[in-house]
Amino acid sequence: MPGIAFPKILFGGDYNPEQFPKSVWDEDMRLFRLAGIDIATVNVFSWALNQPDEETYRFDWLDEVMDLLHAGGMYACLATGTAAHPAWMARKYPDVLAVDYQGNKRKFGRRHNSCPNSPTFLHYSARMARKLAERYKNHPALLLWHVNNEYGIRCYCDRCERAFREWLKQRYGSLDKVNEAWYTRFWGHTFYDWDEIVLPSGLSEGLDKGDSDKTAFQGMTLDYYRFASESLLRCYTTEYNAIKEVMPDAVVTTNFQGNGTYKPLDYAAWAKHMDIVALDMYPPSDASSSYTALRYDLMRGLKDGAPFMLMESSPSVLNWKPVNPLKRPGIMRLQSYQAIARGAETIMFFQLRRSLGAYEKFHGAVIDHAGHEHTRVFRECAELGHELAKLGDALTGSRTESKVAILFDWENWWAVELSGGPTTRLKYLDQVQKYYDAFYQNHIQTDIVGIDADLSRYDIIAAPLLYMVKPGAAKSLERFVEGGGTLIATFFSGIVNESDLIVPGGYPGELRKLLGLWVEEIDALFPNQKNAAVVKRENEALGETYTCELVCEVVHPEGAEVIAEFADEFYRGSPALTRHRFGEGEAWYTASDPEPAFLRMWAAHLCARKGIQPPLEAPPGVEVTQRIKDGTRYTFLLNHTGEVQTVDIGAEPRIDMLSETAVSGVANIPPAGVLVLKG
Ligand code: GLA
Ligand code: ZN
């Protein structure tokens with residue numbers, strides 16, 4: 001359902017009034033109004049409160065809260081509240097209790113703890129969603145639905161094991177096919193009966209003590225990961241369907257965790273079942289601005305460029321990291337505009353009022369324990385709230401135009417890191433981030449998409465670590481390059497099929513024709529060990545030499561032109577970087593992991609060849625991005641540095657939407673400053 005239109009960029013977050021006496025609620029409403037807050041996510045952890053036993057449901061407190069929100073002119077993002085099952089349910093129906101990787105059955109406790117294949121959980125969560133939908137379907141405060149919360153568990157119980165066998169029957173049809181896909185003649189694993197198959201856990205195929213990825217059978221573990229992601233997705237769709245049966249037009253979502261790059265869940269598959277994508281963003285304290293930028297672009301790409309929700313972020317501190325620094329003045333605002341610049345249409349916090357007890361009492365909130373508005377954090381929130389009110393609907397529904405895309409795929413991520421070689425230092429996200437940074441630092445807008453996106457609208461596609469080539473992927477990339485596109489491919493690509501079985505006959509397997517080369521050997525480098533690449537003289541636009549590390553491959557060109565050669569080791573003089581003309585386009589291949597400065601230059605070089613330009617030139621540390629609505633362009637300039645930065649905006653005056661003044665010529669942007677230029 002594309003095109004969910006919010007009336008403005010909504011501002012608010014998680015609100016847990018059930019933790020406070022009612023006397024506080026009116027004061028909350030006053031403070032929300034003061035801060036320009038217009039949306040509250042309610043009922044996230046209230047299952048036990050709403051359903052004290054098997055047959056009793058009571059929603060009187062929620063009725064009051066919903067009415068109060070409406071009276072205060074606010075919207076409700078209504079949660080189904082199923083992310084923590086009630087204690088009575090765990091006691092009466094132990095099937096809701098999950099089993100961990102080491103085979104320990106959980107007791108009641110914490111949250112996000114239900115077995116996704118528990119009939120009790122599926123039954124009662126759907127029933128709760130339906131009851132809420134029936135009760136609030138006509139409530140004027142209700143804007144959208146928030147199913148469960150940050151789905152994420154992997155369960156290893158016997159019921160999940162049986163469900164996995166059924167899933168395999170569906171996927172493969174016969175045990176022979178399973179044996180083939182999993183390569184079970186290795187270590188004597190041939191299965192003769194479906195019931196012989198057990199989940200790959202710390203008790204079976206796991207090779208490490210912790211809940212790690214290392215497994216004896218990658219094909220089996222990949223299938224379990226697929227199954228586990230789908231099991232949770234079914235929990236979500238069960239509630240989704242229960243709501244839609246009552247309210248066919250409801251807008252339903254759930255909040256993604258892990259800053260949008262949560263490894264266990266294939267969010268690309270999930271997004272297909274969400275009316276709008278929503279994520280929670282808690283970046284590491286030392287995260288670069290491109291860390292968050294990448295993840296917002298990924299969220300936007302999940303639904304073909306549609307806007308998404310920033311469902312949670314902290315207005316100030318976290319409580320769950322070893323050290324939880326304050327967000328410095330201005331940083332929350334800067335980070336919020338970064339999300340908007342990349343497609344967010346809500347700025348929402350966890351949480352609106354800081355809880356008084358239990359685990360999250362030191363987590364940041366708009367309203368602090370002091371309980372009033374005279375705090376720095378409240379003031380900063382209120383200032384942002386008023387700016388967003390002024391912006392109105394100017395930016396809602398706007399889109400991003402990118403000529404560059406980076407491929408991202410969860411199953412490939414799993415497979416790369418399940419592999420027992422060449423090096424455990426090979427991390428998919430690190431590689432994706434490096435290529436993203438190369439374009440980001442050139443202020444070039446990038447989409448992050450799956451292989452099934454319409455690739456023809458891009459001029460350049462980077463496919464870092466395309467280790468697993470799924471059916472049809474090589475053909476899509478060939479078509480893209482044939483049609484004039486530029487492909488960037490890297491070492492350790494084209495190695496396996498979707499079962500993690502090697503494509504025999506030489507790497508990079510199905511990509512060999514397109515890349516015009518054969519990779520004979522793969523050398524892994526120790527930390528601090530480096531090689532260098534010497535750029536051949538005719539390619540001086542790419543400099544003279546650069547260092548590279550991690551992995552070096554021994555490559556034989558089969559039609560590709562050599563751009564740079566290794567300087568060291570027995571493979572000195574063999575290709576480090578190649579380019580293969582294919583149809584109207586060209587496919588580049590790097591046989592090692594180059595230093596970031598080289599990647600930046602390479603990206604700039606390729607963009608220049610394609611005539612791709614940034615929306616504006618800006619100094620390092622100033623993020624530039626653009627959104628377009630009804631033909632009007634809005635250029636965001638975000639100063640992530642600690643100093644004043646200058647940007648030449650050009651002679652033509654443009655309106656800065658935030659200060660509502662005309663700017664032209666050289667503009668000064670203060671530290672953490674933001675400009676949103678219209679036109
Ligand atoms: C997650 C959860 C919230 C809260 C925050 C704290 O995002 O969804 O309920 O625990 O973390 O940062
Ligand atoms: Zn289970």
Side-chain angles (χ1 to χ4, degrees), residues 13-16 18-19 40-47 77 79-85 90 93-106 110-122 146-167 198-201 203 224 227-232 234-235 253-262 265 278-285 295 309-321 324 327 332 348-355 357-366:
D14 275 39
Y15 177 46
N16 302 301
E18 71 278 18
Q19 295 176 12
T41 305
V42 291
N43 198 44
V44 183
F45 290 106
S46 316
W47 198 349
C77 170
T80 59
T82 54
H85 53 236
Y93 299 106
D95 67 280
V96 299
L97 295 167
V99 170
D100 71 16
Y101 182 73
Q102 297 301 346
N104 300 312
K105 190 169 174 72
R106 290 188 59 124
R110 303 200 326 217
R111 60 175 177 172
H112 304 154
N113 48 8
S114 312
C115 163
N117 287 296
S118 151
T120 306
F121 177 75
L122 286 163
H146 174 299
V147 172
N148 201 282
N149 188 68
E150 291 197 337
Y151 280 104
I153 198 169
R154 278 185 187 144
C155 178
Y156 295 86
C157 76
D158 293 347
R159 185 171 287 95
C160 284
E161 193 160 270
R162 289 196 293 275
F164 182 51
R165 292 178 192 138
E166 294 309 312
W167 184 91
V198 298
L199 294 178
S201 73
L203 299 176
Y224 172 66
F227 162 79
S229 178
E230 285 178 27
S231 293
L232 281 179
R234 188 175 59 133
C235 294
T253 188
T254 183
N255 51 339
F256 287 161
Q257 64 166 310
N259 304 326
T261 43
Y262 180 64
L265 298 185
L279 90 157
D280 299 345
M281 179 57 83
Y282 299 102
S285 318
R295 283 147 179 89
M309 296 178 75
L310 177 58
M311 186 67 95
E312 288 183 28
S313 57
S314 177
S316 52
V317 283
L318 301 178
N319 71 298
W320 45 266
K321 298 201 171 170
N324 297 286
K327 276 190 189 171
M332 179 278 292
M348 295 166 71
F349 299 121
F350 183 88
Q351 51 195 335
L352 296 187
R353 183 182 271 274
R354 210 170 196 181
S355 46
Y359 182 58
E360 289 177 339
K361 59 183 173 298
F362 295 118
H363 194 289
V366 177

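Order of appearance sets the numbers: ligands from 1, and atoms from 1 within every ligand.
The protein non-hydrogen atom at the shortest distance from atom 7 (O) of ligand 1 is E312 OE1, 2.4 Å. Annotation: atom 9 (O) of ligand 1 to nearest protein heavy atom, R111 NH1, 2.9 Å.
Heavy-atom contacts of N149 reach the following atoms of ligand 1: 2 (C), 8 (O), 9 (O) (cutoff under 4.0 Å). Near D280, the atoms of ligand 1 lying under 4.0 angstrom from a non-hydrogen atom of the residue are 7 (O), 8 (O).
With the Zn ion (ligand 2) as the vertex, SG of C160 and SG of C115 span 100° to the nearest 10°. Here C155 contributes SG and C157 contributes SG, and at the Zn ion (ligand 2) these two atoms make an angle of 110°, given to 10°.
On a distance-only criterion, E150 and ligand 1 share at least one N/O pair closer than 3.5 Å. Considering backbone and side-chain atoms together, W320 places an N or O closer than 3.5 Å to an N or O of ligand 1.
A salt bridge does not link E230 with R234: none of the charged nitrogens is closer than 4.0 Å to a carboxylate oxygen.
For the residue pair R162/N117, the side-chain donor-acceptor check at 3.5 Å is not satisfied. Side-chain contact check for Y156 and Q102: no donor-acceptor pair (N or O, by modelled atom type) lies under 3.5 Å. Side chains of S114 and H85: a donor-acceptor N/O pair is present below 3.5 angstrom, by distance only. For the residue pair N319/N324, the side-chain donor-acceptor check at 3.5 Å is not satisfied.
Under 4.0 angstrom from ligand 1, the non-hydrogen atoms of H363 all belong to its side chain. By the criterion of a heavy-atom distance under 4.0 Å, the side chain of E360, and not its backbone, is placed next to ligand 1.
In this structure, the side chains of S355 and R353 stay at 4.5 Å or more apart for every pair of heavy atoms.
Note on ring orientation: taking the six-membered ring where Trp is involved, the planes of F350 and H363 are perpendicular (angle over 60°, cut-offs 30° and 60°).
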